[in-house]
Amino acid sequence: MSKPNSTTSEPSSDFIRNIIAEDIKANKNDGKVITRFPPEPNGYLHIGHAKSICLNFGIAAENNGICNLRFDDTNPGKEATEYVESIKSDVRWLGFDWNDRLFYTSDYFEQLYQFAVQLIKKGKAYVCDLSAEEIRKYRGTLTEPGKKSPFRNRSVEENLDLFERMRTGKFEDGFCVLRAKIDMSSPNLNMRDPALYRIRRVSHHRTGDKWCIYPMYDFSHCLSDSIEGITHSICTLEFENNRPLYDWILDELEVECHPRQIEFARLNLSYTVVSKRKLIELVENGHVNGWDDPRMPTLSGIRRRGYTPESIRNFCDSIGVAKRDSMVDMALLEYTVRENLNKIAPRVMTVLRPLKVIIDNYPEDLVEELEALNNPEDPGMGTRKVPFSRVLYIEQEDFCEDPPKKFFRLAPGREARLRYAYFITCVKAVKDEKTGEIVELHCTYDPKTKGGDSPDGRKVKATLHWVSAAHSIEAEVRLYDHLFNTVNPSDKKQAEDFKDCLNPNSRETLTLCRAEPSLAGALPGSRYQFERLGYFCVDSVDSSESKLVFNRTVTLRDTWVKIQKAQKKG
RNA sequence: CGGGGCGUGGCGCAGCCUGGUAGCGCGCCUGCUUUUGGAGCAGGAAGUCGGAGGGUCAAAUCCUCUCGCCCCGACCA
């Protein structure tokens with residue numbers, strides 16, 4: 001009964017949705033489903049977060065539930081308002097709405113503190129004066145048990161007093177921590193008396209200097225989930241080892257709501273990195289131009305690149321959710337944008353690398369306005385007029401003086417169609433005497449083929465895009481390729497430093513492109529298909545009325561490139 | 001010599017709980033339609049389910065063992 005794993009329909013069933021379906025069936029949590037997306041505001045969201053967002057908001061929506069957006073802001077040193085704003089706008093852009101369910105762990109600092117007090121009163125937490133280094137030593141190793149802290153048996157009263165003094169700033173940063181009293185010989189190191197609170201005099205982006213102690217992830221996350229009434233706390237695999245601690249804290253505190261933590265494998269995408277730490281490094285070392293560089297796998301980068309939110313959602317639905325580590329091929333992401341853009345992007349003609357074409361037998365002063373479809377996939381998108389005249393530009397690679405097998409574009413003596421215009425025949429290629437470079441083409445046109453069809457039924461193998469030289473407008477076009485040269489730059493077997501895998505040719509800027517006049521005034525962010533080339537969008541940062549700048553979102557599927565590669569291999 | 005996970009066509013997943021010789025998407029191949037070498041439609045190749053045993057009439061599905069990969073030793077999340 002599971003639905004096909006289509007890229008356009010509902011996501012197929014996965015183990016998490018199965019668990020939730022069973023819980024609903026068993027009327028657990030009164031049949032309610034409440035999830036949450038809990039980013040730490042210490043960086044920008046990337047495509048991996050999109051998977052989590054789609055999962056959490058998606059599951060809530062499918063089950064008539066709720067999904068909270070909660071900022072896990074317990075480490076003020078690394079967090080900032082800039083990040084919370086970017087995260088909010090990215091989630092919104094992706095198409096999800098948290099309504100009034102916007103929360104911050106910092107909203108719970110007082111409650112969390114009281115929970116800690118409760119734990120102390122139960123004799124389940126203590127203030128430990130060991131230094132960070134000492135704690136590490138006492139913790140033992142993977143194969144050896146740890147040692148008990150000499151402060152482990154302080155009285156409840158003493159701990160209560162000490163903890164309050166931690167809060168009121170009586171100790172220096174790092175002087176002591178509050179620890180859970182669990183089991184120093186547990187095979188799970190997370191259970192060897194983990195730190196719950198640390199002293200840190202850093203002002204917080206929301207609470208300012210109100211606090212000098214901050215709760216650790218393990219303590220705050222489960223309790224925040226509980227406070228919000230989360231039913232299913234979905235997180236990534238690396239937290240699997242933390243689950244016993246998640247459950248321990250909620251059990252000890254006897255809270256009314258004890259969410260079920262479920263872990264899934266994070267997304268890995270080929271030819272890029274999906275790790276906040278690595279992305280920060282790329283930004284800070286200037287390997288890219290900021291978080292929204294169109295080559296970045298950040299949502300802001302992907303958005304600037306021209307991807308649609310719908311295509312990202314379809315992508316997330318089609319990759320599935322499981323527990324095994326895997327590497328999703330970037331080609332699938334590209335497929336989902338093409339699939340989406342093919343339906344909605346208006347077609348337009350733009351020549352990236354212009355080659356002048358003179359139609360010898362076309363009247364010097366004539367200009368015809370030819371009708372062109374805005375989208376052959378959707379006649380409802382209407383038509384537009386494109387000017388045609390004696391001097392045109394076509395793509396350099398659409399002409400070949402000595403065409404190889406299967407090349408069926410323009411060549412000396414060969415006839416081809418100019419889209420929506422006429423059949424033209426190349427009569428002569430003019431070369432630069434010194435470089436041998438082809439400078440311009442002389443062609444003739446067949447007036448009877450106006451519109452692109454010959455009344456005698458004559459066929460041509462190729463249809464080329466073109467622009468009228470006099471009417472076309474200048475544009476800058478930025479072509480992008482994979483940010484990295486290797487499938488998995490994070491693989492230490494590939495390179496010690498992932499930055500060594502950076503693709504030096506990940507961006508190529510073309511400044512002399514010629515676009516059809518209808519593109520004048522194109523709005524930032526608007527997306528087009530440049531016929532035969534790919535999908536492009538107006539850059540939202542650098543484009544202006546006086547200077548159009550386009551980003552190539554993705555090329556069209558290119559069979560000719562494939563044939564050429566096959567021919568090279570023999 | 002610790003603990004926790006995972007292993008199904010090239011890639012990503014479903015199926016496993018309630019055994020009956022494997023399914024989907026992408027990719028790949030062929031043909032047809034087509035004024036984007038785009039797109040659509042039709043068809044096709046490709047896996048014996050990490051490996052080995054065991055019980056069963058019958059296992060990817062149950063049991064045992066084994067191999068491989070990932071995660072855990074921040075006062076990060």
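Model, not experiment: these values are computed from the prediction. Residue numbers begin at 1 in each chain, while the letters A, B, ... track the order of the sequences.
Note: CZ (A:Phe219) to P (B:A74) measures 21 Å, nearest angstrom. Straight-line distance from the CD atom of A:Glu397 to the C1' atom of B:G37: 11 Å, rounded to whole Å. If you take CG of A:Leu333 and P of B:C11, they are 19 Å apart, rounded to a whole angstrom. Going from atom CD of A:Glu238 over to atom P of B:G73 covers 11 Å, rounded to whole Å. Atom CZ of A:Phe163 and atom P of B:C75 are 16 Å apart (whole Å). Atom pair A:Arg36:CZ and B:A77:C1' shows a separation of 12 Å (rounding to whole Å applied). With rounding to whole Å, A:Asp558 atom CG is found 12 Å from B:C28 atom P. Rounding to whole angstrom units, CG of residue A:Asn342 and P of B:G37 are separated by 14 Å.
Evaluation of atom-type donor-acceptor distances gives a pair under 3.5 Å for the side chain of A:Arg324 against the base of B:U8. Below the 3.5 angstrom threshold, one finds no donor paired with an acceptor across the side chain of A:Glu531 and the base of B:G38. Judged by distance alone, with hydrogens and angles left aside, A:Asp329 brings no side-chain donor or acceptor close enough to the base of B:G27 to form a pair under 3.5 Å. The base of B:C76 is not paired with the side chain of A:Asn75 by any donor and acceptor separated by under 3.5 Å.
Out of B:G37, B:A77, B:C28, the shortest distance to the side chain of A:Lys562 is found at B:C28. With distances taken from any side-chain atom of A:Glu240 to the nucleotides B:A14, B:C72, B:G5, the minimum falls on B:G5. The side chain of A:Leu142 lies closest to B:C72 when the candidates are B:C1, B:C72, B:A14. When distances are taken from the side chain of A:Asp325 to each of B:C70, B:G38, B:G37, the shortest belongs to B:C70.
B:C24 and B:G12 make up a base pair, with Watson-Crick or G-U wobble contacts both under 3.5 Å. Using N1 to N3 plus N6-O4 or O6-N4 for Watson-Crick, or N1-O2 and O6-N3 for G-U wobble, each under 3.5 Å, B:G19 pairs with nothing. Base pairing of B:U56 is not made with any nucleotide, judged by Watson-Crick or G-U wobble geometry with both donor-acceptor distances under 3.5 Å. Base pairing of B:G38 is not made with any nucleotide, judged by Watson-Crick or G-U wobble geometry with both donor-acceptor distances under 3.5 Å. The pairing partner recorded for B:C1 is none, the criterion being a Watson-Crick or G-U wobble arrangement whose two distances lie under 3.5 angstrom. B:A46 is unpaired under the criterion used here, namely a Watson-Crick or G-U wobble arrangement in which both key atom distances are under 3.5 Å. The partner of B:A74, taking Watson-Crick or G-U wobble pairs whose two distances both stay under 3.5 Å, does not exist in any strand shown. In this entry B:G7 has B:C67 as its Watson-Crick or G-U wobble partner, both defining distances falling under 3.5 Å.
Checked against the 6.0 Å centroid criterion, the rings of A:Phe239 and A:Tyr217 qualify as a close aromatic pair.
On the C1' atoms, B:C13 is 27 Å away from B:U30, given to the nearest whole Å. Here the separation of B:A60 from B:A22, taken at their P atoms, is 9 Å to the nearest Å. Separating the P atom of B:C65 from that of B:C26 is a span of 41 Å, rounded to the nearest Å.
In this model, the phosphate group of B:A39 is approached by a side-chain N or O of A:Arg557 to a distance below 4.0 Å at OP1 or OP2. At B:C76, none of the side-chain N or O atoms of A:Tyr217 fall inside 4.0 Å of OP1 or OP2 (strictly under the cut-off). Checking the phosphate oxygens (OP1, OP2) of B:C76, no side-chain nitrogen or oxygen of A:Lys276 falls inside 4.0 Å. Between A:Arg277 and B:C76 there is no side-chain N or O to OP1 or OP2 distance below 4.0 Å. For the pair A:Arg179 and B:C75, the criterion of a side-chain N or O lying under 4.0 Å from OP1 or OP2 is not met. Taking side-chain N and O atoms only, A:Arg192 has no distance below 4.0 Å to OP1 or OP2 of B:G73. Neither OP1 nor OP2 of B:C71 sits under 4.0 Å from any side-chain N or O of A:Arg266. A close approach under 4.0 Å does occur between a side-chain nitrogen or oxygen of A:Asn18 and OP1 or OP2 of B:G15. In terms of phosphate contacts, A:Arg243 brings no side-chain nitrogen or oxygen within less than 4.0 Å of OP1 or OP2 of B:C72. In this structure, A:Ser318 does not reach the B:C26 phosphate: none of its side-chain N or O atoms is under 4.0 Å from OP1 or OP2. In this model, the phosphate group of B:C72 is not approached by any side-chain N or O of A:Arg139 to a distance below 4.0 Å at OP1 or OP2. The side chain of A:Arg338 places no N or O atom within less than 4.0 Å of a non-bridging phosphate oxygen (OP1 or OP2) of B:G27. Put simply, A:Thr74 has a side-chain N or O that comes within less than 4.0 Å of OP1 or OP2 on B:A77.
Between A:Ile199 and A:Lys323, the residue anchored closer to the 5' end of RNA chain B is A:Lys323, taking for each the nucleotide with the nearest heavy atom.
Nearest approach of A:Pro215 to A:Thr74, heavy atoms of both residues: O-CB, 3.3 Å.
Side-chain atoms of A:Tyr422 and A:Glu368 include a donor-acceptor pair closer than 3.5 Å. A donor atom on one side chain and an acceptor atom on the other are found under 3.5 Å apart for A:Glu516 and A:Ser518.
Ring pair A:Phe171/A:Phe175 is parallel by interplanar angle, where below 30° counts as parallel and above 60° as perpendicular. Classification of the A:Phe498-A:Phe484 ring pair by plane angle, with boundaries at 30° and 60°, yields tilted. Taking the six-membered ring where tryptophan is involved, the planes of A:Tyr104 and A:Phe71 are essentially parallel, since the angle between them stays under 30° and well short of 60°. Using bins of under 30°, 30° to 60° and over 60° for the plane-to-plane angle, the ring pair A:Phe109/A:His204 lands in the perpendicular bin.
Taking the side chain as every heavy atom from C-beta outward, A:Tyr197 and A:Phe219 approach each other to under 4.5 Å.
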